[in-house]
Peer 1: 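The structure under discussion is supplied below as structure tokens; questions concerning it will follow.
FYI, side chains are in, hydrogens and waters are out, and symmetry mates aren't considered; it's all heavy atoms of this structure.
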Amino acid sequence: MSGLPERATPSAGQPYTADDRAYMARALQLAARGAVSVSPNPKVGCLLVDDSGIVGEGWHRRAGEPHAEALAIAAAGSRAAGATAYVTLEPCSHTGRTGPCSEALIAAGVSAVYYGCQDPNPAVAGSGLAQLQEAGIEVRGPLLEEPARQLNRGFIKRHEQGEPWITIKTAMSLDGRTAMASGQSQWITSPAARADVQRLRAVSCAVVTGSGTVSYDDPSMTVRDVSADDGAIRQPLRVVVDSQLALSPEAALLRQPGAILVVTAEAADQPRAQALVAAKADLEVLQLADSGGRVDLAALVAELAARGCNNILVEAGAVLAGAFVGAGLVDELVCYLAPKLFGSAARPMFELPIETIDAHLALSLSDCRQIGEDLRLTFSPDKDY
């Protein structure tokens, strides 16, 4: 099924062979194919290998559908017996919408399981590996742990820290401006960069924006022109931070498919909220106010985690984006830099109360690449942020 090498047995003193790493790398490639469809589940890939090479492979395509291990076992058929499984995440040991993968591997008669990283979900958290060992199956791992964790960084952060992975996306001119003084911001970047943003949305569980952005740009905030391996795209939850319930029932995003959550500091049962709910059946208004009469962003992040959101994409103006940064609620900043100058009267990327050089927020550049006419710069806050 693949041109990968035949599996070699690890020698004493060499925990994993080059073949083991190649098979796990292939499993990670498979897992990534579910990036736009599996949420809130993790992305998982699995190979079954015998002395001749790969005899079965699979990846989790969509929540509620068979897991990677079950698909690999089905592909291998009778050759699963005695095979070695390479799976990117610890096999689950609980019954949800599908049965336990640990039990499926045991029933298939595999001889060994190599795993990428442990599952932090309290419903699993080591119990899947324990079940395999109790059944006499050799268990080895973690193998390629860092890329395995990176693949599911949102799922892992949600279970380990109670928060999703938060990415702030912004587009700016060469002089650091994100909108004109009037609020006009369409379009700063090239069509290629805007298409790249669609991929960011597609892999996100929720896209967060502010009522000001909706008022100025009237965006749809949906995923468009992105393909999935199973042909179906999951639209992320669209979240509008709207402290004073200023969102118009005529806004374009209310006419698009997919659920909307309007988060406000106002009472959720007042007439303006009722008008929004009347305008769209799958719209919810939620009150999360802080002591200053604004939306409590930390409470919002916790709420989205409780709803199973692994990855949040913030697409907002300087005020809301700055509020996320100021609250320490950012794991990654993706900035599209256009070769244009907007002038000093235009709006900045963030509104942040930083007054001295020493009080700066330090960022580390993790990626830089050209997208069309623009540059895409990816940063992460320094560890002491």
Peer 1: Just wondering, do Tyr336 and Arg194 contact through their side chains at under 4.5 Å, heavy atoms?
Peer 2: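 The answer is no, as the side chains (C-beta and beyond) never meet within the 4.5 Å cut-off.
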
Peer 1: Among Val314, Val208, Ile312, whose side chain to side chain contact (heavy atoms under 4.5 Å, CB included) with Ile168 holds?
Peer 2: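 Answer after filtering Val314, Val208, Ile312: Val314.
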
Peer 1: Test of understanding: clusters of I, L, V, M, F, W, Y form through side-chain heavy atoms closer than 4.5 Å, transitively. Do Leu253 and Leu283 belong to the same one?
Peer 2: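 Yes, same cluster.
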
Peer 1: Quick one: pull up CD in Glu145 and CD in Gln118 and give me the separation to the nearest 0.5 Å.
Peer 2: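 Between atom CD of Glu145 and atom CD of Gln118 there are 8.0 Å.
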
Peer 1: Quick one: pull up CD in Gln29 and CD in Glu57 and give me the separation to the nearest 0.5 Å.
Peer 2: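 If we round to the nearest 0.5 Å, Gln29:CD and Glu57:CD are 9.5 Å apart.
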
Peer 1: So which atom in Pro142 and which in Cys117 form the shortest heavy-atom distance, rounded to 0.1 Å?
Peer 2: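 That closest heavy-atom pairing would be CB-CA, 4.3 Å.
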
Peer 1: Going through the checks in order, is the side chain to side chain donor-acceptor pair (under 3.5 Å) test met by Glu373 and Ser190?
Peer 2: CA-CA 6 Å; Glu373 302 170 1; Ser190 64; 5.3 Å; no

Peer 1: For the side chain of Thr378 and the backbone of Ser366, is there at least one donor-acceptor N/O pair under 3.5 Å apart?
Peer 2: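 A pair under 3.5 Å: no.
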
Peer 1: Closer than 3.5 angstrom, by distance alone: can the side chain of Glu69 be matched with the main-chain N or O of Cys46 as a donor-acceptor pair?
Peer 2: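 Not at all, since once roles are kept as given, no pair shorter than 3.5 Å links the two residues.
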
Peer 1: So does Val197 get a backbone contact from the side chain of Lys169, meaning a donor-acceptor N/O pair under 3.5 Å?
Peer 2: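 No; judged by distance alone, with no hydrogens or angles, the pair does not exist.
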
Peer 1: Quick one: do Arg238 and Ser220 satisfy side chain to side chain donor-acceptor pair (under 3.5 Å)? Show the steps, please.
Peer 2: CA-CA 9 Å; Arg238 288 167 295 163; Ser220 297; over 6 Å; no

Peer 1: From Leu337 CG over to Cys368 SG, what is the distance, rounded to the nearest 0.5 angstrom?
Peer 2: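 Rounded to the nearest 0.5 Å, the CG-SG separation comes out at 9.0 Å.
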
Peer 1: Donor-acceptor pair, Arg140 side chain versus Tyr16 backbone, under 3.5 Å?
Peer 2: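 No; zero donor-acceptor contacts below 3.5 Å.
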
Peer 1: Report yes or no: do Ser380 and Glu332 form a side-chain donor-acceptor pair below 3.5 Å?
Peer 2: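 Looking only at side-chain atoms, Glu332 and Ser380 do not form any donor-acceptor pair under 3.5 Å.
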
Peer 1: Is there a chain of hydrophobic side chains (I, L, V, M, F, W, Y, each step under 4.5 Å between heavy atoms) that links Leu143 to Val49?
Peer 2: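 Same hydrophobic cluster.
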
Peer 1: Side-chain contact test, heavy atoms from C-beta onward, threshold under 4.5 Å: evaluate it for Tyr86 versus Tyr115 and give yes or no.
Peer 2: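 SC-SC contact between Tyr86 and Tyr115 ruled out.
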
Peer 1: Please name the pair of heavy atoms, one in Gln133 and one in Val139, separated by the smallest distance, quoted to 0.1 Å.
Peer 2: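 Smallest interatomic distance, heavy atoms only, reads CG-CG2, 3.5 Å.
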
Peer 1: Distance-only, no hydrogens or angles: does the Arg224 side chain make a donor-acceptor pair with backbone N or O of Thr222 under 3.5 Å?
Peer 2: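 Yes: the side chain of Arg224 pairs with the backbone of Thr222.
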
Peer 1: Begin with the C-alpha distance, continue with both residues' side-chain angles, and end with the deciding distance and a verdict on salt bridge (Lys or Arg N to Asp or Glu O under 4.0 Å) for Arg153 and Glu146.
Peer 2: CA-CA 10 Å; Arg153 61 190 186 180; Glu146 184 56 34; over 6 Å; no

Peer 1: Looking at CD of Gln235 and SG of Cys205, how far apart are the two atoms once the value is rounded to the nearest 0.5 Å?
Peer 2: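 Separation between the atoms: 13.0 Å.
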
Peer 1: Any sub-3.5 Å donor-acceptor pair from Gln287's side-chain atoms to Ala268's backbone N or O?
Peer 2: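 Such a contact is absent between Gln287 side chain and Ala268 backbone.
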
Peer 1: Give a yes or no on whether Leu365 and Val334 share a hydrophobic cluster (residues Ile, Leu, Val, Met, Phe, Trp, Tyr; joining criterion: side-chain heavy atoms under 4.5 Å apart).
Peer 2: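 No, Leu365 and Val334 fall in different hydrophobic clusters.
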
Peer 1: For Thr84 and Asp50, which I'm curious about, is there any donor-acceptor pair between the side chains at under 3.5 Å?
Peer 2: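 Side chains of Thr84 and Asp50: no pair found under 3.5 Å.
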
Peer 1: Show the numbers, then the answer: is there a side-chain contact (heavy atoms from CB on, under 4.5 Å) between Arg376 and Asp367?
Peer 2: CA-CA 8 Å; Arg376 188 185 72 193; Asp367 186 73; 3.7 Å; yes

Peer 1: Might you work through the side-chain contact (heavy atoms from CB on, under 4.5 Å) test for Ile260 and Asp282, ending with a clear yes or no?
Peer 2: CA-CA 7 Å; Ile260 294 176; Asp282 50 354; over 6 Å; no

Peer 1: Cluster question for you: counting only ILVMFWY and a side-chain heavy-atom cut-off of under 4.5 Å, with indirect links fine, are Val330 and Leu363 together?
Peer 2: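 Linked within one cluster.
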
Peer 1: Please find the pair of heavy atoms, one from Leu132 and one from Pro91, that lie closest to each other, and give the distance.
Peer 2: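 Closest approach of Leu132 to Pro91: CD1-CG, 4.1 Å.
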
Peer 1: For residues 286-297, which residue pairs qualify under salt bridge (Lys or Arg N to Asp or Glu O under 4.0 Å), counting only residues two or more places apart or in two chains?
Peer 2: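 Qualifying pairs: Asp290-Arg294.
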
Peer 1: Specify the closest pair of heavy atoms between Ala265 and Gly293, including all atoms of both residues, with the distance to one decimal.
Peer 2: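 Between these two residues, the closest heavy atoms are CB-O, 3.3 Å.
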
Peer 1: Between Lys280 and Gln256 (side chain of the first, backbone of the second, donor and acceptor by atom type, cut-off under 3.5 Å), is there such a pair?
Peer 2: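 Such a contact is found between Lys280 side chain and Gln256 backbone.
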
Peer 1: Between the side chains of Asp175 and Ser173, does any donor sit under 3.5 Å from an acceptor?
Peer 2: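 Yes, side-chain donor-acceptor contact under 3.5 Å.
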
Peer 1: Tell me, do Leu297 and Leu288 make a side-chain contact under 4.5 Å, heavy atoms counted?
Peer 2: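 SC-SC contact between Leu297 and Leu288 ruled out.
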
Peer 1: Looking at SG of Cys101 and CG of Leu71, how far apart are the two atoms once the value is rounded to the nearest 0.5 Å?
Peer 2: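 CG of Leu71 is found 9.0 Å from SG of Cys101.
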
Peer 1: Apply the test side-chain contact (heavy atoms from CB on, under 4.5 Å) to residues Leu286 and Leu261: give CA-CA distance (whole Å), side-chain angles for both, the deciding distance (0.1 Å), then the verdict.
Peer 2: CA-CA 7 Å; Leu286 177 66; Leu261 176 65; 3.9 Å; yes

Peer 1: CG of Asp196 to CZ of Arg201: how many Å apart, nearest 0.5 Å?
Peer 2: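 The CZ atom of Arg201 is 12.0 Å from CG of Asp196, to the nearest 0.5 Å.
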
Peer 1: Do Asp374 and Thr189 have side chains that approach each other closer than 4.5 Å (heavy atoms only, starting at C-beta)?
Peer 2: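 In short, these two side chains touch, coming nearer than 4.5 Å.
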
Peer 1: Got Glu163 and Arg158 here, is their nearest side-chain heavy-atom distance under 4.5 Å?
Peer 2: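 Side chain of Glu163 against side chain of Arg158, heavy atoms only: no contact under 4.5 Å found.
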
Peer 1: In the structure I gave you, are the side-chain heavy atoms of Leu245 and Val262 within less than 4.5 Å of one another anywhere?
Peer 2: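 The answer is yes, as the side chains (C-beta and beyond) meet within the 4.5 Å cut-off.
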
Peer 1: Provide the full list of side-chain hydrogen bond (donor to acceptor under 3.5 Å, both in side chains) pairs with a residue in residues 266-275, sequence neighbours left out, each pair given once.
Peer 2: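 Output for this query lists Gln270-Arg272.
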
Peer 1: Taking it one step at a time, do Ser211 and Gln244 satisfy side-chain contact (heavy atoms from CB on, under 4.5 Å)?
Peer 2: CA-CA 9 Å; Ser211 57; Gln244 298 179 343; over 6 Å; no

Peer 1: Which is it for Glu284 and Arg307 under the salt bridge (Lys or Arg N to Asp or Glu O under 4.0 Å) test, yes or no, and what are the steps along the way?
Peer 2: CA-CA 13 Å; Glu284 178 185 355; Arg307 292 178 182 228; 3.0 Å; yes

Peer 1: Does the His60 side chain pair with the main chain of Asn41, one donor and one acceptor, at a distance under 3.5 Å?
Peer 2: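 It does not hold such a pair.
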
Peer 1: Between Glu315 (side chain only) and Thr209 (backbone N and O only), is there a donor and an acceptor less than 3.5 Å apart?
Peer 2: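 It does not hold such a pair.
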
Peer 1: Could you walk me through whether Arg21 and Asp19 pass the salt bridge (Lys or Arg N to Asp or Glu O under 4.0 Å) test, one step at a time?
Peer 2: CA-CA 5 Å; Arg21 296 179 184 277; Asp19 293 349; over 6 Å; no

Peer 1: With the side chain counted from C-beta on, respond yes when Val263 and Val240 share a heavy-atom pair under 4.5 Å apart, and no when they do not.
Peer 2: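 Side-chain contact under 4.5 Å: no.
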
Peer 1: Could you pull out the closest heavy-atom pair between Lys157 and Asp331, with the gap in Å?
Peer 2: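 So the two residues come closest at NZ-OD2, 2.6 Å.
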
Peer 1: Of the non-hydrogen atoms in Leu329 and Ile166, which two are nearest, and what is the gap between them?
Peer 2: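 Looking at all heavy atoms of both residues, the shortest contact is O-CG2, 3.3 Å.
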
Peer 1: Would you kindly confirm whether Met221 and Tyr216 end up in one hydrophobic cluster when ILVMFWY residues are joined by side chain heavy atoms under 4.5 Å apart?
Peer 2: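 No, separate clusters.
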
Peer 1: Are Ile156 and Trp165 packed together at the side-chain level, in the sense that at least one heavy-atom pair is separated by less than 4.5 angstrom?
Peer 2: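 Sidechains of Trp165 and Ile156: no contact.
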
Peer 1: Would you check if the side chain of Asp217 reaches a backbone N or O of Val214 as a donor-acceptor pair within less than 3.5 Å?
Peer 2: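 Side chain of Asp217 to backbone of Val214, a donor-acceptor pair under 3.5 Å: no, none is there.
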
